[in-house]
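Residue numbers start at 1 and run along the sequence shown.
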Amino acid sequence: MPHTQTILALDGGGTHTRIALIARDAHVLAHASGPGCNPYDRPEWADNLRTLLCSVPHTGLRAAVLGMAGYDGARPSSLAQRDVAFTALGPDCVLELENDVQTAHRAAFAGNAGVFVLAGTGSVAQASTQDGRSARAGGWGWLFGDEGGGYWIGCRALNHAASFLDDPGVTCAPFARAVLHALDLPTQGSHAPDALREWLRTRPHPRSAVGNVTPTVLALAHAQDPHAMALLQAAGTHLAALARTACKALATGQIAPDMPWSYGGSVLHSLFIRDHVATLLGQPAVSPALPPLGGAALRAAHLAGWEVDAAWVNRLRQTLSPQSLQNALS
């Protein structure tokens, strides 16, 4: 590998961070994953980022693009993110940091125009036109935003559970019991309320733990639980509103027929939510052309001066597929 030119791509969310070292032929030479690196809710974010950046070889590295939650060039925390990356990668690498929704948008549309809705632990939307204009909506964080994201869904599911522990006769009782069972928590008895409190207190990263309740809600919705279905419909309504707001900021007012929308994040992997968003937006979603790591890789390839065409993008899609990455580990 000494003479191999490489680029580095990173997708840093609030819960997970993924990194890949990619050769000029779009082949993944190394990859790793770790905890989130959002400085707004991860006190240890710098160590998480530094560890991942140092986990792959830097030999032949031409350019690196890091898509990171919480990044915005003017913020003090963003300057700190850049300092960690620059120290880890050294002065010889062309380095660019950007917000993770920008990276995911580029991946979803392979650099073209569209409206991208990201709903992982948090939520945000970005609309971009072919002439380079863009606008975002959402991404305000878990304390007073991120509606429709995984934390938002999990928090409301746990609110149902708390209401049930106060009053077992509430209408949401079957839903609440199922949520508590999924967490291996008691549903009755004098110690049940404290068990739920202790569950949250002992989580290494409470926001991620609350967000991880979402798969239980998805499973209950699939089983036709009315409270789970209503909760996911409410999430989809919020996510569609984010898309419209991003378009409004571009003065388009609505998603035009020639403005496709796409998606990313664990919440929008749910067909139930995605179909609801599509109904509200009046058109089906376009499947992402690449996973978010691919958006960082596309930009890094351009910075490295590599030729990037449709064939290269297709090879990158294949090499970044979960099966290919898993095979690379075996």
With the 4.5 Å side-chain cut-off for hydrophobic clustering, are [X] and [Y] part of the same group?
X    : Y    : answer
L231 : L183 : yes
V179 : W152 : yes
L290 : F116 : no
V286 : L271 : no
V267 : Y151 : yes

Identify the two heavy atoms, one from [X] and one from [Y], that lie closest to each other, and give their separation to 0.1 Å.
X    : Y    : answer
S123 : L239 : CB-CD2, 3.8 Å
A296 : T103 : N-CG2, 3.2 Å
L165 : P186 : CD2-O, 4.4 Å
V217 : A157 : CG2-CB, 3.7 Å
D146 : W140 : OD1-N, 3.8 Å
A176 : F164 : CB-CB, 3.4 Å

For the backbone of [Y] and the side chain of [X], can you confirm whether one donor and one acceptor N or O come within less than 3.5 Å of each other?
X    : Y    : value
D11  : P292 : no
H58  : L53  : yes
T87  : V84  : no
R317 : A289 : yes
T214 : G150 : yes
N48  : G36  : yes
T319 : R315 : no
N314 : A310 : no
W261 : Q283 : yes
T17  : P35  : yes

How long is the gap from [atom1] on [X] to [atom2] on [Y], to the nearest 0.5 Å?
X    : Y    : atom1 : atom2 : value
N38  : R207 : CG    : CZ    : 6.0 Å
L49  : L97  : CG    : CG    : 8.0 Å
L242 : C247 : CG    : SG    : 11.0 Å
C37  : D47  : SG    : CG    : 12.0 Å
L232 : H227 : CG    : NE2   : 13.0 Å
S208 : H16  : OG    : NE2   : 7.0 Å

Whether over 12 other heavy atoms sit under 6.0 Å from D167 CG: yes

Atom CD of Q188: over 12 foreign heavy atoms under 6.0 Å: no

Of all pairs that satisfy salt bridge (charged side-chain N to carboxylate O under 4.0 Å, His left out), the ones with a partner from residues 285-305, not counting sequence neighbours: E96-R299

Heavy atoms, side chains only, cut-off 4.5 Å: are [X] and [Y] in contact?
X    : Y    : answer
F175 : L220 : yes
H302 : I7   : no
V308 : L316 : no
W306 : W312 : yes
L95  : V65  : no
I19  : V56  : yes
Q233 : F272 : yes
P174 : R177 : yes

Pair R106-Q102, side chain to side chain contact (heavy atoms under 4.5 Å, CB included): steps then yes or no: CA-CA 6 Å; R106 185 185 303 112; Q102 184 176 350; 3.9 Å; yes

Just checking, is any N or O donor in the side chain of [X] or [Y] under 3.5 Å from an acceptor N or O on the other one?
X    : Y    : answer
T237 : H276 : yes
R156 : N159 : no
Q126 : R136 : no

Residue pair L66, E98: steps toward the side chain to side chain contact (heavy atoms under 4.5 Å, CB included) verdict: CA-CA 6 Å; L66 283 55; E98 61 186 11; over 6 Å; no

Worked check of side chain to side chain contact (heavy atoms under 4.5 Å, CB included) between F109 and S262: CA-CA 8 Å; F109 299 106; S262 190; 3.5 Å; yes

Steps toward side chain to side chain contact (heavy atoms under 4.5 Å, CB included) verdict (L29, H27): CA-CA 6 Å; L29 300 176; H27 180 66; 3.7 Å; yes

